[in-house]
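Here is the structure we will look at.
Order of appearance sets the numbers: ligands from 1, and atoms from 1 within every ligand. The analysis underlying the following values was restricted to heavy atoms, covering all of them including side chains, and did not include hydrogens, waters or symmetry mates.
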Amino acid sequence: MAHLDAYNRPISYLRISVTDRCNLRCVYCMPPEGVPWRPHEEILRYEEIETVVRAAAELGISKVRLTGGEPLVRLGIVDLVRSLARIPGIDDLAMTTNGILLGRYAADLAAAGLRRVNISLDTLRPDRFRRITRLGRMEDVLVGMEAARRAGLEPIKINTVVIRGMNDDEVVDFARKTMETGWNVRFIELMPVGNGVLADGGWREKVVTAREIRQRIEAALGRLEPAKVSVGNGPARCYRLPGAQGTLGFITPISEHFCYRCNRLRLTADGQLRPCLLSDYEIDLRTPLRQGADVAQIKALLLRGIENKPLRHHLDERRRPEKRVMSEIGG
Ligand code: SAM
Ligand code: SF4
């Protein structure tokens, strides 16, 4: 049974950033030159991550997602998946990836016990993909997506951050994909974490709310119907276009915060437990782990994190997290 936090939310989900490094430099996540990588010794070792997940599982956390940075750039990631998949109590092990290396790893990840992947893709146009990610080739992501499908890492979800003036003219094209190819697309509102396009402080003007996206899609393609999603619905509100196989989701941290039903904890790449993405409150797990803390001791620290999980974020009061960029926390 999942533990309840101070506001009666059952905490059942742990997101782990396995590395702060990335093979892309998305404009909303990083500056062009990237962020200084943390030295290797500051990053949690795989056996330390395993201890944290064992402790989490004993507290009733059943769902784990590996993210980053880009999780597939960390050496030995398939071995980590294999060891976490074996932990009793973890029944949903997923990954969020930019997809660039999925063509190479999808089959091995599935064989090691990964269940599902979310793939980030903000545009359907190769030239624009290069502009947004600064380094990547869209073709590699499409190859990765197909490899994931063949490996059974399903349902695949596509994460699309919508930014005014950059890709908001493509929301209808993405919606069409749910009819033509059965993609499950989730539009994410831009958040003020990171220091790419947001460095000038003008992030609010670049946010395109779910309401606006929905209006544009409905004007072009017809009314959205509420959809049931079998697994991993998370914070998204899900819909379907009439007759479409795939779904459309909206993740609205800005226009309609979903803190009251948040079920997650986060672990940063350098071993800090972060009960809320958008609050800088953290508990250090790395130091105790390196001093030999066992599962029981880590469990006590996780419990402290659960008990102190903030009620909600405070972006609307113009308070934004400052300590870290998104690639360290894991999105
Ligand atoms: N590198 C992987 C990827 O891009 O999928 C995993 C890490 S990335 C930080 C996780 C998710 O956070 C991605 O879907 C990304 O689009 C999203 N993200 C990053 N910066 C964001 C921001 N400022 N606002 C909203 N979403 C953001
Ligand atoms: Fe890398 Fe993901 Fe950040 Fe893009 S969003 S720079 S792929 S960590």
Ion pair check, [X] and [Y], cut-off under 4.0 Å:
{"X": "Glu146", "Y": "Arg150", "answer": "yes"}
{"X": "Arg38", "Y": "Asp270", "answer": "yes"}
{"X": "Asp127", "Y": "Arg130", "answer": "no"}

Would you say Arg131 and Thr123 make side-chain contact, with heavy atoms under 4.5 Å?
no
Is there a side-chain contact between Trp183 and Met145 (heavy atoms, below 4.5 Å)?
yes
Looking at Cys29, Gly68, Cys22, the heavy atom closest to atom 8 (S) of ligand 1 belongs to Gly68
Run down the list Ser17, Gly34, Gly69, Pro71 and name the one with the heavy atom closest to atom 8 (S) of ligand 2.
Gly69
May I ask you to identify, for Asn159, whether its side chain, its backbone, both or neither come under 4.0 Å of ligand 1 on a heavy-atom basis?
side chain
Applying a 4.0 Å heavy-atom criterion (strictly less than), which segment of Leu24 is in contact with ligand 1: side chain, backbone, both, or neither?
neither
For the pair Arg274 (side chain) and Leu267 (backbone), establish whether a donor and an acceptor sit closer than 3.5 Å, ignoring hydrogens and angles.
no
Is there a donor-acceptor contact under 3.5 Å from the side chain of Glu58 to the main chain of Ala55?
no
Find all atoms of ligand 2 within a distance of less than 4.0 Å from any non-hydrogen atom belonging to Cys22, and give their numbers and elements.
1 (Fe), 6 (S), 7 (S), 8 (S)
Check ligand 2 against Cys29 and write out every atom of the ligand that is under 4.0 Å from a heavy-atom position of the residue.
3 (Fe), 5 (S), 6 (S)
Side chain or backbone, does [X] bring an N or O within less than 3.5 Å of an N or O on ligand 1?
{"X": "Glu70", "result": "yes"}
{"X": "Thr67", "result": "no"}
{"X": "Asp122", "result": "no"}
{"X": "Ser120", "result": "yes"}
{"X": "Leu190", "result": "no"}

Do Ser120 and Asn98 have side-chain atoms, one donor and one acceptor, less than 3.5 Å apart?
no
Going by distance alone, is a donor N or O of one side chain under 3.5 Å from an acceptor N or O of the other, for Thr19 and Glu70?
no
among protein heavy atoms, the one nearest atom 4 (Fe) of ligand 2 is Cys26 SG, 2.3 Å
Glu189 heavy atoms within 4.0 Å reach ligand 1 at atoms 25 (C)
Sub-4.0 Å atoms of ligand 1 with respect to non-hydrogen atoms of Gly69:
1 (N), 2 (C), 6 (C), 7 (C)
